[in-house]
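Comments concern the structure below.
Note that the numbering runs from 1 along the sequence shown for the chain. In listed order, ligands and their atoms are each counted from 1.
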Amino acid sequence: MATSKTRNPRVLFVTPEIHPLIKTGGLADVSGALPAALRELGVETRVLVPGYPKVLAGARNKRLSHTFHDLPEADEVRLLSASLPGSGVPLLIIDCPLLYQRDGGPYQNPAGVDWPDNAQRFALLSRIGAILGSDASPLSFHPDIVHCNDWQSALAPAFLHFMPGKKAATVMTLHNLAFQGIFPPHIVAEVGLPPASFSIEGVEYYGNFSTLKAGLYYADHITTVSPTYAREIQQEALGFGMQGLLARRSDKLTGIVNGIDTGDWNPAADPHLVQGYDAGQMAGKTANKLALQEKMGLKRDPDIPLLGMISRITHQKGGDLLLEIAPQLLQENVQIVLLGTGETALENGFRNLAHAHPDKVGVTIGFNEGLSHLVEAGADMFLMPSRFEPCGLNQMYSQRYGTPPLVHATGGLADTVVDGVTGFVFEPMTAEGFFGCIQRALAAYRDKKVWGKIQRNGMERDSSWKKSAEDYLALYKSMLGGR
Ligand code: ADP
């Protein structure tokens, strides 16, 4: 499967979720957008995905490609070729009703409990990814690269490693290091990996079997979703126990920031806004601010600085820091708008804050896509004091919406916000650090010329998928260069 110098690598993208068919997190957005952007660059790409009911119902042009009869997970597994609604990206769907045809989510039953056979369910996804990347593939599409994502597809590099013959090179992308695909040791033999692989030099992880570790250990290259996060996960604080392996493989570890959907997130043509605007015509932004103030029960005033935050309200996202500085902050002439759901104690903290300051603080507990667009457009500045953030999306949306983000210097936030140029960056992660950052932003806000420049810089920043796809393509090419 050597690639000639004249053609682009062919890529099999293996993923457990894909927008717009099935989504639990950012991985679905990447899986929907990156293969489409790679195709725009002339890369032949297929996406391999499990045939959950929503995938089978939503995919277009389904046709049977092959039937496997000899796999450990099921007597009969059908592989369908299809296409993704919208972009038309070619899909390969694993139709295995025994493992995937169920109510509930991709990983959990309707009660929120992990499916007991997740090891088998995602071993099958990985196994078919490996077969399609080997010379045992029944398809005429022979990928040069098998690109795996998170623990659910992370056994593919291990399976490929132990397969004979010519094979594709493997990339393992980490979107969330907190989920590691941990199973008891006996699963190693059950999925068909050799007993010797259950070792610290292999798939063993603190006495258990980790599919994620298998991917990190056996993949030819590892990527994660920002360069800073790629460095941070080599340290104990953010390495989730994988830091030793990641540090050892640091020459094979690259950070590439995600893009955003510049169609969905376009202030000039966003159906959720009361008025569109762009960098050359900012009047519409004020109209959205007034609409947001009214919606959240705040005083309608274009001149009061309005601080917005949209997030899962968890310890990771640093909402507790905002609650801590709120008494001091609310002595200033500012308004705060928060949209989010999450930990009950923090949710209640924000409810109480809004109750105590109804004219200055508006809080909506819940998930509301439309309101999130209005907050991005209507706020003057956007708060993102995350303790860690592999990539982050809201800081990119807010720059595009002329709403400079105030971010902690971590992960993708450090890589996508330039202090004093497109937003404001603080360090260390303390109440004083955050408060000082808000003070600096408020001072800049009072100077219309300075503020307008920061807004424009952010709005003109390129956060499209094209740039990220070019980086992935360069990586694929560099991996194949030596083959
Ligand atoms: P994470 O994936 O860690 O939650 P990101 O910033 O990468 O953080 O992405 C979060 C996405 O979810 C963003 O698009 C954000 O606007 C959206 N989001 C989070 N909470 C809400 C909410 N309560 N209502 C609407 N959208 C939300």
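- Between L99 and Q120, the closest heavy-atom pair is CD1-O, 3.9 Å.
- When the options R312, K317, E376, Q316 are ranked by their closest heavy atom to atom 8 (O) of ligand 1, first place goes to K317.
- Residue I310 touches ligand 1 through its side chain alone, judged by heavy-atom distances below 4.0 Å.
- Distances from ligand 1 to the non-hydrogen atoms of G340 include at least one value under 4.0 Å.
- Regarding atom 24 (N) of ligand 1, its nearest protein heavy-atom neighbour is N368 N, 3.0 Å.
- There is no side-chain donor-acceptor pair under 3.5 Å between E17 and Q152.
- The residue from V375, L273, L298 that alone fulfils the side-chain contact (heavy atoms from CB on, under 4.5 Å) condition with L292 is V375.
- Of the heavy atoms in S311, only backbone atoms (N, CA, C, O) come closer than 4.0 Å to ligand 1.
- Considering all non-hydrogen atoms of both residues, S468 and G259 come closest at OG-N, 3.5 Å.
- Judged by distance alone, the side chains of N288 and Y401 never bring a donor and an acceptor atom under 3.5 Å apart.
- At the shortest separation from atom 13 (C) of ligand 1 among protein heavy atoms lies N394 ND2, 3.7 Å.
- In this pair, Y100 and F122 present their aromatic rings tilted. The plane angle is within the 30 to 60° band.
- Using a 4.0 angstrom heavy-atom cutoff, G366 counts as in contact with ligand 1.
- In terms of polar-atom proximity, defined here as any N/O pair under 3.5 Å, L393 does make such a contact with ligand 1.
- The shortest N or O to N or O distance between E369 and ligand 1 is not under 3.5 Å.
- When the options W265, F367, F388 are ranked by their closest heavy atom to atom 19 (C) of ligand 1, first place goes to F367.
- For atom 14 (O) of ligand 1, the closest non-hydrogen atom of the protein is Y397 CE1, 3.3 Å.
- Here the shortest heavy-atom pairing between C148 and A156 reads SG-CB, 3.7 Å.
- R387 and D320 are joined by a salt bridge, as a carboxylate oxygen and a charged side-chain nitrogen come within less than 4.0 angstrom of each other.
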